[in-house]
Amino acid sequence: MGKVAEMPGDPQHLTSVPWRALRTRWLRVLLGVAVTGGALWGTNPGVAQAAVAPHVSFGLDWTQTILDAGGPIAESSPNVAMLAGGPAVVVGDRAGHVYAFNLATGEGVPGWPVSTGGVPVDSTPSVSDTTGSGLDSVFVGVGNAATPTSGGYLAITPQGGTQWFMGVQNPATDTAPAKAVQASMAVGDLNGATDVVAGSLGEVGQAMDAATGAMLPGFPWFQADSNFTTPALGDVYGNGRTDIVEGGDSSAGFAYGTTYHSGGHLRVLSPTGNAGTGNPGGGLVCQYNTDQTVQSSPAVGEFGGSVGIVFGTGATYAGATTTNELIETDSHCNPRWMDKLDGTTTSSPALADILGNGQLQVLEGTRVGSGGSIWALNGITGAAIWHANTAGQVIGSVVTADLTGGGYQDAIVPTTAGVEIFDGKSGALITTLGQSAGLAFQDSPLVTDDPNGSIGLTIAGYNVQNEGVVQHYEVVESRGSTVNEAGAWPMFHHDPQLTGNAGLPAPVVQVPCNAPAGGPVGYAMTASDGGVFNYGNLPFCGSTGNLLLTKPVVGMALTHDGGGYWLVASDGGVFAFGDAAFHGSAGNLPLTKPVVGMAVTPDGGGYWLVASDGGIFAYGDAAFHGSAGNLPLTKPVVGMAVTPDGGGYWLVASDGGIFAYGDAAFHGSAGNLRLTRPVVGMAADSQTGGYWLVASDGGIFSYGAPFLGSAGALRLTKPVVGMMATKSGGGYRLVAADGGIFTYGVAPFYGSAGALPLTQPVVGVAGF
């Protein structure tokens, strides 16, 4: 098959531009501009730049000018690695070196730079500790479209030695194999260990063990054409696997039973590659084809409660309908929105909370002639939030940080005329860096939490002598605690492992189950690891018990027919099993306080989450009736209960204080009592409209509902952690941390986990 690739331009211009290679000749087209100052440095304000920009002060800490004239730093973005002497900036250049500079001082790290024998490095280094020493190995793709017959996958030890090198293993049918790897290697767990994966400019993509370089089963994977994109890694289907999300080029041809057309594609690939398929291109989960190349590294995140994939296109095929497009698809590669922007969209999108609303928005830079622009778009709809012109082309990807302390992310935009910084909310230009030094940039800046506690900003580009230049700034009076917060995108492809993953719903393990015939009876309990224990006729529909959770599970709720359930973690992540529908989660929100419980609407069409500060998060058909999130609470909220019609709810604090909202009537509280043990939960009585509170010693407090008994006089092995009322009212059950069940009133006993060797404590119970 013929190949489509991207040709780096004249070193004086450096701009990488599209070309078409038919294996027998090169077609070279220069679209770049020489960076010589003058009119190129004038700022061209965009639509939103009339707004007043907040003030941010930067101090230049150090500069390194590299003697690599003619082969400077171009598309390789700086990353941060833990090397001897502390955190270090690592970056490659086109002269064939990978450099490491101490983040605090700018001094070269002993043993570095590392030479590739003159083969250019346009990839961004990725890093991971593969030895358990606390120091990082560094992984780079070597070679680019100007050197297609040289290169491969290189791992470098923390000391600057070769850890391993793997060549591109094209199929024997490839008569003109390309060996260059211009894409960056993403790091993740594909095969039960730390692995690296990236496409090549040949016909294959490869995944290898990060420590040894050994090829993983199912790879090389036949990609058919050149791939410039750094893959995103994440569990996009919530099944506990790390999927590979990549772009790619396509030229007309036929191979291994598949007909290819000129253009490009987005692909989701199984972490096991083609293993077990009998086809070198097997293992493809889904694919979306375009009539233009896809040379923008995709980004994945959560938009409106579902997984989204965002990517741009290329500029290879004249007349293609998807040129200048930014596209968002769901996890099954179905497009949900497409925006035609004002220029080339090869830049990788950033997913960040620029509005401070806890949601991800999309930032994309473009190339428009000798200039460019920056776009801020709604992640759910693709609607433009603001748009500003830039002084130079935006080839590298936008990164973000809360530079102003305003509680939202600001956009840091690399251009061929300096690094421009825009206020995230308004799009107002704050400042430009590197301009006075005559610097241009085709890569992404790096935002770091510096050793002295400041926000650091490293920019790496080239000067008018075509020499590589690295500069490190610090935000004056900044605090690094804001660098890696939720909603931030601090470097190329999000993180040092280059996963391109801004946060996805947590994975779940599901098994087939059906609602009980004749109606549900019984109850289920969950442990903090998400393990589920069911009693009565309630089916087991799955759990997160065998998964590594980001935060512990804190509660659960059942569907109205007993055919499914939800679990909620303290970070607001929601896991849906059986016939429980996923309506959204707070897992990607920067919560002030942890979530402590949940409640479901009567029809199961929605649910509420409650945080310890009394904040309420409503999803599906669950109506928001108010919250205690703005009240100065004496003690934290520990649980909630819902009225029978779903028109209101109560919150309870650990001191027994009650907060009633909607049609939930206040019948009293234990807030003025001197409790022996704290309250840990509550339940509502559907017969009387009242409620019960339970303390950790099993004591019961009844308000508007009859007292039916308590465990307060018992000597408990483990404390009580929650309670539930029978659906018909007139009874309740208490659950202890060891899974013990205590029943009162008309609530039958169906069994308990009290005698089981639990790995983690039980945290909640729900039932009928």
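Scope of the values below: all heavy atoms of this structure, side chains included, with no hydrogens, waters or symmetry mates.
- A search for salt bridge (Lys or Arg N to Asp or Glu O under 4.0 Å) contacts involving E364 returns nothing, not counting sequence neighbours.
- Going from atom CZ of R241 over to atom CG of L233 covers 13.0 Å, rounded to the nearest 0.5 Å.
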For this session: Report the C-alpha separation of V610 and L651 in whole Å, then their side-chain angles, then the decisive distance to 0.1 Å, and conclude whether the side chain to side chain contact (heavy atoms under 4.5 Å, CB included) test is met.
Result: CA-CA 8 Å; V610 60; L651 312 182; 3.9 Å; yes
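- Neither side chain, T592 nor D613, offers a donor N or O lying under 3.5 Å from an acceptor on the other.
- H625 places a side-chain N or O within donor-acceptor distance of the main-chain N or O of G647, the cut-off being under 3.5 Å.
- At least one side-chain heavy atom of I616 sits under 4.5 Å from a side-chain heavy atom of M640.
- Side-chain contact of N357 with Q361: a donor-acceptor pair under 3.5 Å is present, judged by distance alone.
- With a 4.5 Å cut-off on side-chain heavy atoms, L714 and F742 count as touching.
- For the residue pair S306/R336, the side-chain donor-acceptor check at 3.5 Å is satisfied.
- Scored by the ring-ring contact (aromatic ring centres under 6.0 Å, His included) test, W221 finds no partners at all (sequence neighbours excluded).
- For the residue pair Q409/E485, the side-chain donor-acceptor check at 3.5 Å is satisfied.
- A 6.0 Å sphere centred on CG of N514 holds no more than 12 heavy atoms belonging to other residues, nucleotides or ligands.
- Residues L326 and V310 form a side-chain contact, since some pair of their non-hydrogen atoms from C-beta on lies under 4.5 Å apart.
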For this session: Show your reasoning for whether side chain to side chain contact (heavy atoms under 4.5 Å, CB included) applies to Y607 and F582.
Result: CA-CA 10 Å; Y607 43 78; F582 178 78; 3.9 Å; yes
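- Of the possible donor and acceptor atoms, one in the side chain of D579 sits under 3.5 Å from a partner among the backbone N and O of G564.
- The two residues G530 and S543 have their closest heavy-atom pair at O-CB, 3.2 Å.
- No side-chain N or O of D189 forms a donor-acceptor pair with one of T242 less than 3.5 Å apart.
- Of the possible polar contacts, none joining the T322 side chain to the E325 backbone as a donor-acceptor pair under 3.5 Å is found.
- Here the OG1 atom belonging to T381 is positioned 8.0 Å from the CH2 atom belonging to W337, to the nearest 0.5 angstrom.
- Side chains of L558 and M556 form a contact here, defined as non-hydrogen atoms less than 4.5 Å apart.
- Here the side chain of D685 pairs a donor or acceptor atom with the backbone of G730 at under 3.5 angstrom.
- Remark: D645 CG to T601 OG1 distance equals 11.5 Å, nearest 0.5 Å.
- Judged purely by atom type and a 3.5 angstrom limit, S297 uses its side chain to pair as donor or acceptor with the backbone of T230.
- Contact detail for V362 and P349: the closest heavy-atom pair is CG1-CB, 4.1 Å.
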For this session: Given side chain to side chain contact (heavy atoms under 4.5 Å, CB included), test V762 with T526 step by step and report yes or no.
Result: CA-CA 6 Å; V762 168; T526 182; over 6 Å; no
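- Here the side chains of V268 and I244 are not in contact, with every heavy-atom distance at 4.5 Å or above.
- Atom CE of residue M525 and atom CG of residue N534 lie 9.5 Å apart, to the nearest 0.5 angstrom.
- Using cut-offs of 30° and 60° for the angle between ring planes, the H494 and W489 rings count as perpendicular.
- For the pair N537 (side chain) and G519 (backbone), a donor-acceptor distance under 3.5 Å is present.
- Between A747 and T726 the shortest heavy-atom distance is CB-CG2, 3.5 Å.
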Exercise. For Y523 and M724, what are the C-alpha separation, side-chain angles and deciding distance, and is it a side chain to side chain contact (heavy atoms under 4.5 Å, CB included)?
Worked result: CA-CA 9 Å; Y523 44 85; M724 55 147 293; 3.9 Å; yes
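- H265 has its ring centre no less than 6.0 Å from the ring centre of Y288.
- Side-chain atoms of D330 do not come within 3.5 Å of backbone N or O of G308 as any donor-acceptor pair.
- In the model, T277 has no side-chain atom that pairs as donor or acceptor with a side-chain atom of N274 under 3.5 Å.
- The structure places NE2 of H332 at 6.0 Å from OH of Y237, a figure rounded to the nearest 0.5 Å.
- In this structure, S585 and E302 have side chains that are in contact, with non-hydrogen atoms separated by less than 4.5 Å.
- Aromatic rings from W650 and Y691 are positioned such that their centres are separated by under 6.0 Å.
- Here the closest non-hydrogen pair linking G563 and C541 is O-SG, 3.6 Å.
- The minimum heavy-atom distance linking S696 with R677 is given by the pair OG-CB, 3.2 Å.
- Looking only at distances, a side-chain donor or acceptor of Y535 sits under 3.5 Å from a matching main-chain atom of S752.
- Considering every non-hydrogen atom in both F768 and L538, the closest pair reads CE1-CD2, 3.8 Å.
- When atom types are taken as modelled, the side chain of H493 and the backbone of A232 share no donor-acceptor pair closer than 3.5 angstrom.
- Between F749 and R733 there is no side-chain heavy-atom pair separated by less than 4.5 Å.
- Taking CG of D495 as the start and CG of N501 as the end, the distance is 7.5 Å to the nearest 0.5 Å.
- V285 places none of its side-chain heavy atoms less than 4.5 Å from the side chain of L269.
- Checking N191 against D195 by side-chain atom types alone, no donor-acceptor pair falls below 3.5 Å.
- Under the 3.5 Å distance criterion, the side-chain polar atoms of S296 are matched with a main-chain donor or acceptor of G312.
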